[in-house]
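The chains referred to below are lettered A, B, ... by the order of the sequence lines, with proteins before strands, and numbering in each begins at 1.
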Amino acid sequence: MTAVVLAATIGALFALGTFLLLRRDLIRVVWGLAIVSQAANLYLLAMGGIAPATAESVPVLAGHGEDVPTTADPVVQALVLTAIVIGFGMTAFALVLSYRVYEEHDTLDVSELSDRE
Amino acid sequence: MTAGPSLGGSSQLVIAPMLIVLVTAVATLLLGRRPRARAAVSLGGGAAYAVAVAAIDWYVVLAPNAPGVATYQVGDWPAPFGITLVADGLSAFMLTMVAVLGVASLVFSTRHLPGGEGRSYYFPLFHFLALGVTGAFLTGDLFNLFVWFEVMLMASYVFVAYSGGPQHTRAAFWYVTLNLLASAVFLLAVGGIYATTGTLNMADLAQRLAEPAAYGLEPAPVIGLFGLLLSVFAIKAGLVPFQFWIPTAYRAAPPQITALLAGATKKVGIYAIIRLSFTVFAGAEIGVDLALPGPVAIDSTLSFVGAALFLMAGASILVGGIGAVGRDSMEGVFAYSSIGQVGFIAVPVAIAATVTGPDLRQLAIVAALVYALNHTLAKGLLFLAVGTVRSATGTSSFDGLGGLAKHSPPLAIAVFVASLALVGIPPLSGFFGKFLVFDAAARAGAGPVIVLLLVGSLLTIAYATRLWNRCFWGAQTPAVEAAAIDRVQVGVLVALAATILAVGVGFEPVYEFATAAAEAALDTEGYVEAVDPVGPAELADSSANGGDH
């Protein structure tokens, strides 16, 4: 059940991201990029496997200082952490760049931008 | 654990170029307000980088009894857990190309920094771009490859937006959008490969894919995930249908950076395709035949790469060649020509992926590498020449130029040599590149491919001649008459032209180096042995000893 919900969520995020990427407004394009990269992060996280949640499977609840139960693969979480940081920086850069486009062209509409060749 | 095969210092040597370029980048950032010191540190760092790369070439690959591969396990973590850096023939060959072009571009940049507000950030960005490229060539880990790609791209984004005009900003926006999308696709592929195989270390991956049964994996999804990776690398290499960003981005970036984009970051895409297809994923047989229309049977990663690359490379040669004939500015011609030339590099890679004989496969990879070397030198020179012409005359469109040959014979000779190298005239480096590509195609018995290569070569002659006639022959325009051409810049161009000639005349050692690189690309066992990932048996041992909860 969890897996189905997660898969549907990731799919919905990709769909939304793609939809926004195809808009004419540059800010929406940046939003689309952010959402697509978050969808990719979520997908990456899901690749570590999904364990059903019980009180025993949560490290903090299972006992302090004792053996920690195996819940999910920590490698993907480390990867996602890196990917989130990179994605964050890139989104900031894309936002700055679209502000610059606005300053120089007085518009954020893609079709107006290409008219002024 | 860091025991690289013999040669005491060789394992630390692997990380040297990355450290040098990182230190230089930070130092130039700190010296932002002192232009002279900044340029001097920059040049010093570039020279040190070249020396480090030459040391890797010699001690790892070319010296008698050289080990062929050297590894550095970062932080002394054993192979599949930590980050592994690997320098072998293929990485060394690629690094050498970048070092030669990088130093030329640095010297060029000290004479003429492109205008704009961000002058003090030019050199730090330059070195961060080089850092990303170097990291991508040396890493032995798939996720780390993604990280180095991002480092390289971040610097290149800024450079495309660097000149700050309205067109540049718009070109940069689309360049950033495309590459961010590609990064998301890269992540998807990395995640899928990790879920399928349980590892991201390239040597470990190769080991597991060669014997899927021993590790209990089902390799079939890998072929589709590799398709995603291939599209990401094709975007970096600018193969059709992912070529559309090239003309605008190459026009927007400063010419000496465009030389690096064409000469170095493009080669990162080619390198990643060769490394992953032949060293890492070569063993992946999926056991079922994907029934596609036509004569192509796709039952392994390699046959998939072969089929996909043939289509993309063929289309690149045609689109690039035809596009270049119709352009009306120097950088426009060279940008489209760059799309076509990458097709010439990808065709032998596709041949290598398709044929089964080991000798022919190696010959085809050598052809791709020699052609890539020629492209780096010649196209690097030509883009730098655009920079010289543009800084001297203020224009690079055909309408504003004419009679450059009379005004500056050394510039004209350098451009002439590079154009002939693109066309493939002996005794220049381009002749051997083209000869080997045709040789590989002929031996593979690929008739249609030879016709395609011939058409591509004719198109090259057409656009090179047209550019020469419009810009270098004819009457001098007012802009050319008033031009004061910088001597150091022309010196760099002449030095690169001499290198092109030297590579062609003394081709024997270059050929040996390229052969060593191709052997390294095909030698999966040697690669795995050098990296020495911990196997499943040893893993079971260590957990039995209580090393793990």
Side-chain angles (χ1 to χ4, degrees), chain A residues 10 13-14 17-18 21 26 29-30 32-49 66-70 73 75-76 78-80 82-87 89-108 110 112-114 116-117, chain B residues 80-83 117 141-144 146-151 153-158 160-201 221 225 228 248 546 548-549:
Chain A
I10 294 172
L13 281 178
F14 269 115
T18 314
L21 272 175
L26 287 191
V29 174
V30 177
L33 282 176
I35 290 175
V36 165
S37 63
Q38 292 314 316
N41 290 344
L42 206 51
Y43 166 88
L44 195 57
L45 202 56
M47 288 298 109
E66 292 167 29
D67 283 359
V68 187
T70 318
D73 192 338
V75 174
V76 285
L79 301 186
V80 162
T82 314
I84 287 174
V85 174
I86 292 175
M90 296 297 180
T91 311
F93 184 74
L95 275 174
V96 171
L97 206 54
S98 40
Y99 179 66
R100 186 75 181 263
V101 172
Y102 179 70
E103 273 192 333
E104 278 166 356
H105 296 265
D106 270 329
T107 179
L108 281 170
V110 174
E112 284 184 40
L113 281 181
S114 44
R116 303 181 182 197
E117 192 65 57
Chain B
F81 308 114
I83 293 169
E117 307 143 37
D141 181 287
L142 211 49
F143 189 76
N144 209 230
F146 165 77
V147 174
W148 290 123
F149 264 62
E150 295 304 310
V151 172
L153 287 172
M154 194 75 203
S156 73
Y157 295 157
V158 184
V160 174
Y162 187 84
S163 307
Q167 266 101 23
H168 304 138
T169 318
R170 208 178 57 207
F173 190 85
W174 295 123
Y175 179 66
V176 171
T177 308
L178 177 75
N179 278 300
L180 284 184
L181 258 186
S183 303
V185 174
F186 200 162
L187 265 189
L188 288 185
V190 166
I193 286 170
Y194 182 71
T196 312
T197 63
T199 186
L200 289 169
N201 183 288
L225 294 165
L228 289 182
T248 47
D548 194 359
H549 288 300

Next on the checklist: The criterion is side-chain hydrogen bond (donor to acceptor under 3.5 Å, both in side chains); which residues satisfy it with T169(B), sequence neighbours excluded?
Outcome noted: E104(A)
Item to check | Which atoms of A172(B) approach chain A - backbone, side chain, both or neither, heavy atom under 4.5 Å | outcome: both
Checklist entry - Which atom names give the shortest non-hydrogen contact between A184(B) and S37(A), and what distance separates them? => result CB-CA, 4.5 Å
Checklist entry - How far does OH of Y157(B) sit from CG of L97(A), to the nearest 0.5 angstrom? => result 10.5 Å
Checklist entry - Between V101(A) and chain B, which part of the residue has a heavy atom less than 4.5 Å away: side chain, backbone, both or neither? => result both
Next on the checklist: Using a 4.5 angstrom heavy-atom cutoff, name the option from I86(A), T91(A), L44(A) with the most pairs to chain B.
Outcome noted: I86(A)
Item to check | Largest heavy-atom contact set with chain B, pairs under 4.5 Å, which of V75(A), V36(A), V30(A) | outcome: V75(A)
Next on the checklist: Using the rule given for side chain to side chain contact (heavy atoms under 4.5 Å, CB included), can you reason through T82(A) versus F146(B), listing the C-alpha separation, both sets of side-chain angles and the distance that settles it, and then say yes or no?
Outcome noted: CA-CA 10 Å; T82(A) 314; F146(B) 165 77; 5.9 Å; no
Checklist entry - Which value, rounded to the nearest 0.5 Å, describes the distance between I193(B) atom CD1 and M47(A) atom CE? => result 12.0 Å
Checklist entry - For F173(B), is it the side chain, the backbone, both, or neither that has a heavy atom closer than 4.5 Å to a heavy atom of chain A? => result both
Next on the checklist: Rounded at 0.5 Å granularity, tell me how far CZ in F93(A) sits from CG in L153(B).
Outcome noted: 11.0 Å
Checklist entry - At a heavy-atom separation under 4.5 Å, does V158(B) approach chain A through its side chain, its backbone, both, or neither? => result both
Item to check | Under 4.5 Å from any heavy atom of chain B - which part of Y99(A) | outcome: neither
Next on the checklist: With a 4.5 angstrom heavy-atom cut-off, is it the side chain or the backbone of L26(A) that approaches chain B, or both, or neither?
Outcome noted: both
Checklist entry - From L79(A) CG over to L187(B) CG, what is the distance, rounded to the nearest 0.5 angstrom? => result 8.5 Å
